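These notes concern the structure reproduced below.
Small disclaimer: the values here were computed from a predicted structure and weren't measured.
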Amino acid sequence: MMTSHQIRNLFITGMMLFAVQSYALNASIATTSAYQELSQQATSETFKYSHYFVFAPATGETINLAAFAKVNATFPLPAKDYDRDSQFGEWIRPIKNSCLNTRGVVLQRDSSVGVSTNSSCTVTAGQWYDPYTNKNYTDADDIQIDHVVALKNAYMTGAHTWSNAKRCLYANYLGNDFHLLSVNGPENMRKSDKSPLEWTPPNKSFICEYLRTWLEIKYIWELKLTPREVAAIENQLKENQCSTEDMTVSTAEIQANRRYMEANKNLCQ
């Protein structure tokens, strides 16, 4: 039978062991939290850099969208915070004598069957294939129109220097069939304003095309690329075995888009 002295020493030893274990556990939690925070910082976009990238100049009939040129200057930030409504406006009615707004026009364009509309000229049904989720949808309520290069990303990487009319044209651009895409609403919400640094489509078979689309839009509109964005894109190109052909676009296609931009520069006025 233990004496009271032995019981007291055993109690003290137990308390010391508990304290050491608690300290180790708390230290482990703190270390894990710090690691997670650093990891999050490393993969999130800040737009605060001492340099940035632009596209390498085109020299022939084709353009390699994955060829970048480093600019050794501080990434230029806007004087005003991003605000969608005041800087890019809303959906407009881009086609003369049509009641459809830009959302409706894109839904009509992307549907594989004729769309249905209600008395308010709102598209309600059709047949849409979403390349992000690799699924088909028939209810227009399931679909959102994605600005592939989100309005905020465009604003932060160059659009803050544009006129309101040019930003409105960007928001309602119909000069090609990839600037705006009909996609699954919840997945578009997950994408939000993220670049390929933070989001790529869950449909892996579409990633190479998505990256080409992202880069072509930035090339057309002469938007800048951040160091983390470029690193993420280059990593995705390797991981998904995207070919040079996947990232190649004709100079004529870029020029056609820029002619469309010039012809429609007053669309929002």
Side-chain angles (χ1 to χ4, degrees), residues 43-47 49 52-56 58 62-71 75 82 88 106 110 129-134 144-160 162 167 169-184 187-251 253-254 256-258 260-261:
T43 57
S44 61
E45 190 56 84
T46 65
F47 297 104
Y49 300 99
Y52 58 91
F53 290 87
V54 295
F55 293 96
T62 60
I63 297 165
N64 179 4
L65 295 169
F68 310 111
K70 183 178 178 180
V71 178
F75 191 92
Y82 166 73
F88 288 87
V106 175
D110 292 349
Y129 169 72
D130 168 30
Y132 291 175
T133 61
N134 195 30
Q144 290 183 4
I145 306 304
D146 182 34
H147 295 86
V148 174
V149 177
L151 301 183
K152 182 177 181 180
N153 188 283
Y155 182 75
M156 297 300 295
T157 60
H160 61 90
W162 301 348
R167 285 194 289 262
L169 176 61
Y170 182 92
N172 292 272
Y173 190 69
L174 297 170
N176 57 53
D177 60 1
F178 53 81
H179 184 95
L180 298 171
L181 291 180
S182 300
V183 299
N184 171 258
E187 191 59 43
N188 189 47
M189 296 293 286
R190 279 187 282 273
K191 174 181 179 280
S192 185
D193 57 14
K194 298 178 179 69
S195 77
L197 170 65
E198 301 163 292
W199 185 91
T200 51
N203 177 15
K204 299 300 181 183
S205 66
F206 186 67
I207 289 180
C208 291
E209 184 174 346
Y210 177 78
L211 294 173
R212 185 205 63 76
T213 298
W214 177 275
L215 292 171
E216 184 169 358
I217 292 168
K218 285 215 157 184
Y219 195 106
I220 290 168
W221 294 85
E222 299 179 287
L223 296 170
K224 300 173 181 63
L225 301 102
T226 73
R228 284 177 179 166
E229 177 185 359
V230 167
I233 288 172
E234 289 179 338
N235 183 57
Q236 288 285 345
L237 292 176
K238 290 177 183 177
E239 279 191 5
N240 294 280
Q241 300 180 325
C242 305
S243 66
T244 301
E245 185 178 351
D246 290 330
M247 296 300 117
T248 299
V249 63
S250 70
T251 304
E253 184 173 335
I254 299 297
N257 275 273
R258 290 181 176 164
Y260 181 96
M261 290 165 60

### Audit row: Tyr219, Leu65, side-chain contact (heavy atoms from CB on, under 4.5 Å) steps and yes/no
CA-CA 8 Å; Tyr219 195 106; Leu65 295 169; 3.9 Å; yes
### Message
Please evaluate residues Asn257 and Tyr173 with respect to the criterion side-chain hydrogen bond (donor to acceptor under 3.5 Å, both in side chains), reporting the C-alpha separation (whole Å), side-chain torsions for both, the decisive distance (0.1 Å), and the verdict.
### Response
CA-CA 10 Å; Asn257 275 273; Tyr173 190 69; 2.9 Å; yes
### Message
Using side-chain contact (heavy atoms from CB on, under 4.5 Å), reason through Trp221 and Thr157 one step at a time and then give a plain yes or no.
### Response
CA-CA 10 Å; Trp221 294 85; Thr157 60; over 6 Å; no
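Side-chain contact check for Asp193 versus Tyr82: every heavy-atom pair is 4.5 Å or farther apart. At least one side-chain heavy atom of Leu181 sits less than 4.5 Å from a side-chain heavy atom of Tyr132. You'll find the side chain of His147 stays beyond 4.5 Å of the side chain of Asn153, heavy atoms only. Using a 4.5 Å heavy-atom threshold, the side chains of Val106 and Leu174 count as touching. When side chains are defined from C-beta on, Arg228 counts as touching Thr46, because their heavy atoms get closer than 4.5 Å. Tyr210 places none of its side-chain heavy atoms less than 4.5 Å from the side chain of Gln236. Using a 4.5 Å cut-off on side-chain heavy atoms (C-beta onward), Glu239 and Lys204 make no contact. With contacts defined as side-chain heavy-atom distances shorter than 4.5 Å, the pair Pro202/Glu187 qualifies.
Asn184 places no side-chain N or O within 3.5 Å of a backbone atom of Thr133 that could act as its donor or acceptor partner. With hydrogens and angles disregarded, no donor-acceptor distance shorter than 3.5 Å links the side chain of Thr200 to the backbone of Pro196. A side-chain donor-acceptor contact under 3.5 Å links Asp246 to the backbone of Ser243. Looking at Asn203, its side chain does come within 3.5 Å of a backbone N or O of Pro131 through a donor-acceptor pair. Remark: side-chain polar atoms of Asn240 are not paired, donor with acceptor, to backbone N or O of Cys242 under 3.5 angstrom.
Here the CD atom belonging to Glu209 is positioned 9.0 Å from the CE atom belonging to Met247, to the nearest 0.5 angstrom. A distance of 9.5 Å separates CD1 of Ile220 from CZ of Phe55, quoted to the nearest 0.5 Å. The distance from the CD atom of Glu253 to the CD1 atom of Ile63 is 9.0 Å, given to the nearest 0.5 Å. With values rounded to the nearest 0.5 angstrom, Asn188 atom CG is found 4.0 Å from Asp146 atom CG. The distance from atom CZ of Phe53 to atom CD of Glu229, rounded to the nearest 0.5 Å, is 10.5 Å. With rounding to the nearest 0.5 angstrom, the CD1 atom of Ile207 is 14.0 Å from the CH2 atom of Trp214.
Here the closest non-hydrogen pair linking Thr251 and Thr62 is OG1-N, 3.7 Å. Across all their heavy atoms, Ala154 and Val149 have their closest contact at N-CG1, 4.3 Å. The two residues Glu198 and Glu45 come nearest to each other via the heavy atoms OE2-N, 3.6 Å.
Around the NZ atom of Lys152, the shell of radius 6.0 Å holds no more than 12 heavy atoms that belong to other residues, nucleotides or ligands.
Across Leu211, Val148, Val249, a single residue satisfies side chain to side chain contact (heavy atoms under 4.5 Å, CB included) together with Glu216, and that is Val249.
Within the 6.0 Å centre-distance limit, the rings of His179 and Tyr170 are counted as a close aromatic pair.
Classification of the Phe47-Phe75 ring pair by plane angle, with boundaries at 30° and 60°, yields tilted.
Taking the ring centre of Phe178 as origin, the terminal cationic atom of Arg212 falls inside the region bounded by 6.0 Å and 45° from the ring axis.
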